[in-house]
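Letters A, B, ... mirror the listed sequences (proteins, then strands); counts begin at 1.
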2 protein chains.
Amino acid sequence: MTDINRYDPEIIREMIQNKEDQSLIKYLDSLHPADIAELYSELEIDEVKYLHHLLDDEKAADVLVEMDEDDRANLLKELPNEVIAKRFVDNMDTDDAVELIRILDEESQEEVLSHMEDIEQAGDIVDLLKYDEDTAGGLMGTEMIVVNENWSMPQSVDEMRKQAEEVDQIYYVYVVDDDFRLKGVLPIKTMLTSPSVSKIKHVMSKDPISVKVDESIETVTQVIDKYDLVAIPVVDSIGRLVGRITVDDVIDEINEQHDRDYQLASGISQDVESGDNVFLQTAARLPWLLIGMVGGLSNSFILGVFENNFIANPKMALFIPLIGGTGGNVGIQSSAIVVQGLANNTLNAKNAWEQVLKEATVSLINASIISLVVFLYNYFTMGQSTVTTSVSLALFAVVMFASIFGTIVPLTLDKLKIDPAIATGPFITISNDIIGMLIYMWIVSLLTFG
Amino acid sequence: MTDINRYDPEIIREMIQNKEDQSLIKYLDSLHPADIAELYSELEIDEVKYLHHLLDDEKAADVLVEMDEDDRANLLKELPNEVIAKRFVDNMDTDDAVELIRILDEESQEEVLSHMEDIEQAGDIVDLLKYDEDTAGGLMGTEMIVVNENWSMPQSVDEMRKQAEEVDQIYYVYVVDDDFRLKGVLPIKTMLTSPSVSKIKHVMSKDPISVKVDESIETVTQVIDKYDLVAIPVVDSIGRLVGRITVDDVIDEINEQHDRDYQLASGISQDVESGDNVFLQTAARLPWLLIGMVGGLSNSFILGVFENNFIANPKMALFIPLIGGTGGNVGIQSSAIVVQGLANNTLNAKNAWEQVLKEATVSLINASIISLVVFLYNYFTMGQSTVTTSVSLALFAVVMFASIFGTIVPLTLDKLKIDPAIATGPFITISNDIIGMLIYMWIVSLLTFG
């Protein structure tokens with residue numbers, strides 16, 4: 001089962017063309033829903049529709065949950081809302097159902113909900129849809145095993161047996177009081193080792209880790225990661241248990257957060273994938289390129305102002321790429337370290353100045369080495385000259401400035417509650433490029449004209 | 001429990017100075033091991049030692065597991081190997097114990113193992129240490145609940161009760177045959193709903209998803225993520241169950257992989273954190289800066305070769321930063337999209353040419369817009385001239401080249417089984433900067449001297 005690519009889409013394509021339904025059903029039956037979803041991503045929409053029709057309702061729903069967001073939206077467009085309701089939404093965990101319904105337009109949402117047969121499920125979904133997508137409430141589902149703290153173990157096991165019908169996977173049993181306030185959690189282990197206690201509350205783990213329903217998703221992922229949980233209970237403002245979030249959804253969120261940070265650092269301004277169309281890709285990439293262009297034109301303006309420098313030292317122009325590039329490289333390194341430190345909680349307001357100081361020390365070493373090497377190179381190729389001296393002086397100053405700037409900008413943004421990741425990548429490169437040119441021109445002027 | 005920072009390190013510091021052991025013990029007792037580990041990270045090593053001494057053995061071991069790698073190494077240095085063995089390693093899950101022992105030098109490793117009291121645990125650890133750190137075997141632990149397929153449910157529950165003493169958390173029960181080959185998995189749900197079956201093999205889920213012991217950690221994380229598991233069984237080459245990997249370790253691996261990719265894209269060559277010392281930070285950052293410096297000096301050499309261009313068109317120098325910068329920005333965007341596509345498995349050898357074609361189309365749009373805007377700017381500020389024409393022509397060519405280059409380089413590296421992430425960031429920026437200058441100079445020469 002570890003071989004992720006076990007199927008050949010071409011063979012499946014042929015079987016679909018020959019309408020070999022029996023073989024296809026048998027084949028699909030042998031596949032995990034996640035593998036079927038992956039197979040779908042390599043087929044045309046008509047073929048996907050054909051295969052999806054062959055699946056039984058529960059598996060069809062599971063496959064839909066596993067599908068890539070875009071593939072899923074495309075398939076849903078092809079299906080009547082009644083089918084979506086009865087074949088899929090009725091058979092899904094509430095958190096997955098909510099995720100699916102959110103991608104439909106408002107009219108379709110209402111239609112799907114009205115077609116549902118499981119009224120209790122429909123009610124849960126309507127409640128869940130009220131929460132903001134970026135909060136714990138927006139990510140949670142209502143499938144969980146819940147027992148009362150005053151029950152005995154045999155009574156609890158009986159109740160759990162009934163509730164288990166509705167729940168796919170049981171990792172924790174949550175314990176509540178008569179008002180449904182979360183009081184504890186009952187590890188499976190305790191159920192095995194204390195089979196006959198008078199009351200659950202005497203064996204449960206008290207004060208379980210939970211999150212509030214309006215907590216941000218970032219906090220939820222941090223808490224699950226920190227405390228090594230596989231699911232976390234969600235409570236309302238007066239501590240009543242309202243749902244649970246599972247670790248698989250948290251992993252998806254972690255991956256999305258990382259992708260976003262990586263893209264911001266690469267100058268891509270929206271969540272875009274290699275599979276997206278040309279228009280989306282252009283829209284995500286042009287903004288930073290235009291900002292870079294304005295930066296480049298500003299540089300041409302600055303260099304134009306210092307035209308006398310070029311006349312006095314024609315070789316000066318040759319080192320423009322070296323100074324601009326080094327400033328950019330140093331700035332990106334510094335900001336990346338700060339952004340990561342902030343994300344890992346190893347960096348905070350308290351030790352921020354310590355970080356600036358450390359950054360200055362690191363840069364002092366790097367700046368000295370680079371400007372010395374460049375000085376030696378220029379000295380041996382061009383001899384002692386205003387250009388030789390100014391290039392190395394400018395390099396030193398640019399490295400020092402770029403590192404401090406690359407450290408302070410993300411720290412400041414974080415203090416202003418703005419995502420510091422937007423300050424990495426092109427922003428830092430472009431700013432450092434401009435300031436680098438100013439420093440270089442100023443030093444050359446100073447050495448040339450006093 | 002959602003408030004991650006509930007303690008004030010200053011108050012703890014004072015309590016330590018006043019040796020208020022009873023209050024400290026009570027306070028530590030109220031904290032989760034992960035919170036204690038976080039508290040440690042804000043204290044001095046002597047204070048950490050003091051607190052750690054107050055904890056009971058099991059909690060002390062748990063806290064050690066939760067600690068940051070560097071903090072843990074510092075604390076271990078302060079403790080005798082016999083204490084490490086008897087207080088900590090004896091009380092840890094085997095996967096955590098292996099992780100801890102790996103950071104010790106060889107001599108200490110042997111000494112710790114020889115001091116252990118739980119001989120079975122020591123044997124398991126010795127076996128686990130043989131596996132490569134970057135494989136499933138290196139990440140797995142041996143704590144799991146295992147039943148025989150021929151047992152009845154009551155017999156299994158009895159056995160599970162015994163085994164549960166050694167296991168902290170039970171998520172799955174694994175089913176093996178008489179030769180300990182993995183045959184199935186028994187969801188907790190099945191245990192509740194089928195309490196009295198004749199044989200486990202009739203109710204277990206067959207063919208459970210598993211990984212081979214020599215599988216790479218990247219594959220393990222992909223499998224757990226894809227199939228939404230909270231733990232995965234590990235088998236040897238003939239299918240015998242040898243261990244299990246839990247999702248919390250997988251989340252740590254995912255975070256580490258992301259951090260590494262992000263750092264490579266930012267020109268930082270080792271796994272370095274904002275908390276690391278000045279020497280480590282310099283070592284991680286100087287290499288790319290030196291490569292960038294060589295690139296910058298190469299550019300000065302190239303520009304020197306085309307000195308006649310500058311004499312004929314003095315304004316040409318002003319646009320060096322614009323052309324170099326735009327090439328760099330475009331290249332990073334393109335390579336980031338490819339690296340992410342490869343990481344998400346949405347991009348592969350089959351659709352690689354499609355990606356290059358799409359990239360060319362996106363770039364055609366971006367290149368046209370940028371060179372047109374710059375042409376208009378230059379036309380209105382400088383009028384029609386060789387420089388006005390060559391800057392826009394060069395920009396167009398550089399954007400096209402940089403995007404194709406940024407796409408093909410990571411695709412090629414991936415084909416050669418080299419991590420494509422190393423091709424992002426400085427590598428692409430520096431290459432595109434040099435090639436951009438060549439293109440610019442060549443076009444200016446052509447238009448000036450025919």
query: Which residue out of A:Ile232, A:Thr282, A:Ile332, A:Ile145 racks up the most heavy-atom pairs below 4.5 Å with chain B?
result: A:Thr282

message: Under a 4.0 Å threshold between the charged nitrogen and the carboxylate oxygen, would A:Glu66 count as salt-bridged to B:Lys226?
response: no

- prompt: Rounded to the nearest 0.5 Å, what separation is found between the CG atom of B:Leu289 and the CG atom of A:Leu395?
  reply: 10.5 Å

task: Identify which part of B:Leu297 has an atom lying under 4.5 Å from any heavy atom of chain A, answering side chain, backbone, both or neither.
output: both

A:Gln333 side chain vs B:Arg285 backbone, donor-acceptor pair below 3.5 Å: yes

query: Which of the residues A:Val374, A:Asp248, A:Val247 is involved in the greatest number of heavy-atom pairs with chain B at under 4.5 angstrom?
result: A:Asp248

task: Please flag which part of B:Phe310 lies under 4.5 Å from any non-hydrogen atom of chain A: side chain, backbone, both or neither.
output: side chain

Toward chain A, the part of B:Glu359 with a non-hydrogen atom under 4.5 Å: side chain

query: Has A:Lys358 got more than 12 heavy atoms of other residues, nucleotides or ligands less than 6.0 Å from its NZ?
result: yes

Contacting moiety of B:Ile251, where chain A heavy atoms sit under 4.5 Å: side chain

task: Heavy-atom distances under 4.5 Å only: say whether B:Ser334 touches chain A with side chain, backbone, both or neither.
output: both

- prompt: Given a strict heavy-atom distance threshold of 4.5 Å, which part of B:Tyr172 is in contact with chain A: side chain, backbone, both, or neither?
  reply: side chain

- prompt: Tell me, side chain or backbone of B:Val338 under 4.5 Å from chain A's heavy atoms, or both, or neither?
  reply: neither

